[in-house]
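If you're wondering where the values come from, they're calculated on a predicted model, not measured in any experiment.
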Amino acid sequence: MQTISWKQDLPQELQVKVAEVENQIAPRLEEMDQVALYNQQRVLRLFRKHRVSEEDLVGSTGYGYDDIGREKIEKIYADYFKTEDAYVRPQMVSGTHAIHTAFYTTLRPGDTLYYLTGTPYDTIQEVIGIAGDNPGTMKEFGINFKATELLDNGQVDYENARKVLETDQSIKMVAIQRSRGYSTRDSFVVAEVAKMIKFVKEINPNLVVFIDNCYGEFTEYEEPTFYGADLMAGSLFKNAGAGIAKGGAFLVGRADLIQAAAARLVAPGVGKGEGPTWGYMRDIYQGFFMAPHTTVQAIKGSIYTAALLEKVGMEVSPAWDAPRTDLVQTVIFHERDAMINFCAAIQHYSAMNSYVDPVPSFMEGYEDEIIMASGSFIEGSTVELSSDGPLREPFALYIQGGLSYEHVKLAITNAVNETFYTM
């Protein structure tokens, strides 16, 4: 049988680099396949344990009483993340919405939210009230905020954190941001998060430890909730929805905190008992089932992206052979126009809107102009291939997602060709 190479239209120099990268990363891709297989086994066992059937996919209307599919998927989430309870709802419109809801499970006027992992990313700064000028922030409600910035090496400053936690009695919730957000530090692997949780609980076991787990689910063999996190949030149009769920978010954790979150989102006295799921349940179930596979497809794409961009002389983080704990691949351009041009090249090799150029603009929740390539089937679905970043020093572009390794490979290779070889 004749073999036709997908690389045949590329410049010879780039073909050589791609071949070298393919050989270089092959063992690392196999390691990630094993993660996908292990987590897929766990998900499959839970679908069998909870006897998922066609009737669970129907959804509900109105108040959403007696929604058996909704109740069952929340039991599956709780089982998977090894928590007492879960809250999986299309009414939470994003990971930021879920995080905002989580904060109000514990924090009241006069209390302090403390970030162990430094100042959070832009949209959470807006929620807290330390950026922007928006109504309804935590600051407006008299809830205070503190953070201990990370050390220069990107690690937690445990010495100063201990001083804060031992002296400030107003702190009620300690937040840990697993992913790098719009910074250039490494994302925290689960083992590092486990160390943080243990550190906090040894100082004060009554503190509520909250994990912002966006981009982190299914990337390793374990999750932060395995190590005593009290509450954790994630988005259904990132890892856990596999590019199938059209919206929504989730919280998992202690039963009392989940009940408090439901009371905050809906109404006291109503809580988890209400919340119609309309036509979403099929997507939420299928997305969760596909999540281990799709997440690893995206990570394999990130590994390829890092290796190829290193080959052409770009500064990347993490390196291709570094531990992977989320979907995000950072590329540092140091120049505004170079960042915009590469982002546009990724847009040109998207499934949707490949014919347009992204234009820098201001977006809700951000202080700086944002450049974003997102040719996704679901708007804002960052488990699908996208790239974005604020136009500020050091002009770092955050590339994430990919429903298939093949798409990421084609898109990134052609973006490199369009940016470095044909301009």
Side-chain angles (χ1 to χ4, degrees), residues 43 46-47 50 52 56-57 59-107 113 124 127 173 175-176 178 208-218 223-226 228-242 244-289 291:
V43 170
L46 291 175
F47 271 59
H50 291 279
V52 176
D56 298 318
L57 311 181
S60 57
T61 60
Y63 293 112
Y65 291 139
D66 302 317
D67 188 324
I68 59 173
R70 184 191 67 207
E71 293 173 2
K72 189 173 290 187
I73 195 65
E74 290 180 341
K75 290 178 181 177
I76 289 172
Y77 265 73
D79 268 6
Y80 185 84
F81 291 103
K82 299 183 180 180
T83 58
E84 294 177 356
D85 205 353
Y87 196 45
V88 184
R89 301 293 166 118
Q91 286 83 10
M92 288 192 286
V93 301
S94 65
T96 297
H97 189 188
I99 293 165
H100 169 265
T101 304
F103 289 162
Y104 283 96
T105 63
T106 300
L107 299 166
L113 168 68
I124 304 303
V127 168
M173 175 179 278
I176 296 169
R178 183 172 169 190
V208 172
V209 176
F210 166 75
I211 311 293
D212 175 354
N213 204 49
C214 290
Y215 299 111
E217 302 84 22
F218 306 100
E223 300 286 345
T225 45
F226 295 9
D230 298 294
L231 192 61
M232 188 171 79
S235 169
L236 295 189
F237 47 101
K238 291 185 173 68
N239 305 25
I244 296 172
K246 295 180 179 65
F250 72 90
L251 292 165
V252 291
R254 279 173 23 197
D256 61 322
L257 298 177
I258 294 298
Q259 292 296 331
R264 170 69 185 182
L265 186 71
V266 185
V270 175
K272 290 186 69 180
E274 292 185 5
T277 52
W278 308 300
Y280 284 100
M281 292 313 299
R282 185 178 299 274
D283 292 347
I284 291 173
Y285 271 97
Q286 189 173 2
F288 193 75
F289 184 78

Taking all heavy atoms of [X] and all of [Y], pick out the closest pair and write down the distance.
X: Cys214; Y: Gly234; value: SG-CA, 4.1 Å
X: Ala229; Y: Ile211; value: CB-CG1, 3.5 Å
X: Glu71; Y: Asp66; value: OE2-CA, 4.3 Å
X: Ser60; Y: Asp67; value: OG-OD2, 2.5 Å
X: Tyr87; Y: Gly271; value: OH-O, 4.4 Å

Arg178: what forms a salt bridge (charged side-chain N to carboxylate O under 4.0 Å, His left out) with it, not counting sequence neighbours? Glu220, Glu223

Salt bridge (charged side-chain N to carboxylate O under 4.0 Å, His left out) pairs, two or more places apart, involving residues 260-270: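 Listed once each, the pairs would be none.
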
Tell me which pairs pass salt bridge (charged side-chain N to carboxylate O under 4.0 Å, His left out) where either residue lies in residues 90-104, with sequence neighbours left out.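 Matches after skipping sequence neighbours: none remain.
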
Short question: side chain of [X], backbone of [Y] - any donor-acceptor pair under 3.5 Å?
X: Glu274; Y: Tyr63; answer: no
X: Arg89; Y: Leu265; answer: no
X: Gln91; Y: Pro276; answer: yes
X: Arg70; Y: Thr277; answer: no

Distance from [X] atom [atom1] to [Y] atom [atom2], nearest 0.5 Å?
X: Glu217; Y: Leu236; atom1: CD; atom2: CG; answer: 9.0 Å
X: Ile244; Y: Phe237; atom1: CD1; atom2: CZ; answer: 15.5 Å
X: Asn213; Y: Leu231; atom1: CG; atom2: CG; answer: 11.5 Å
X: Leu46; Y: Lys72; atom1: CG; atom2: NZ; answer: 12.5 Å
X: Thr96; Y: Ile124; atom1: OG1; atom2: CD1; answer: 4.5 Å

For [X], give me all partners under side chain to side chain contact (heavy atoms under 4.5 Å, CB included), at least two apart in sequence or on another chain.
X: Asp85; answer: Ala255, Ile258, Gln259, Lys272
X: Val93; answer: His97
X: Leu107; answer: Phe103, Asp111, Leu113, Met138, Ile143, Lys172, Met173
X: Ala233; answer: Ala98, Ile99, Phe210, Leu251

So, using ring pair (Phe, Tyr, Trp, His ring centres under 6.0 Å) as the criterion, who are the partners of Phe226 when residues are at least two apart? none

Could you pull out all residues at least two apart from Tyr80 that satisfy ring pair (Phe, Tyr, Trp, His ring centres under 6.0 Å)?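 Tyr80 satisfies ring pair (Phe, Tyr, Trp, His ring centres under 6.0 Å) with Phe218, Phe288 only.
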
Under the ring-ring contact (aromatic ring centres under 6.0 Å, His included) rule, what pairs show up with a residue in residues 249-270, not counting sequence neighbours? Tyr77-Phe250, Phe81-Phe250

Residue pairs, two or more places apart or on separate chains, that pass side chain to side chain donor-acceptor pair (under 3.5 Å) and touch residues 280-289: Glu54-Arg282, Lys246-Asp283

I'd like to check the side chain to side chain donor-acceptor pair (under 3.5 Å) partners of Thr106; sequence neighbours left out, ordered by chain and number. none

Between the side chains of His50 and Asp79, does any donor sit under 3.5 Å from an acceptor? yes

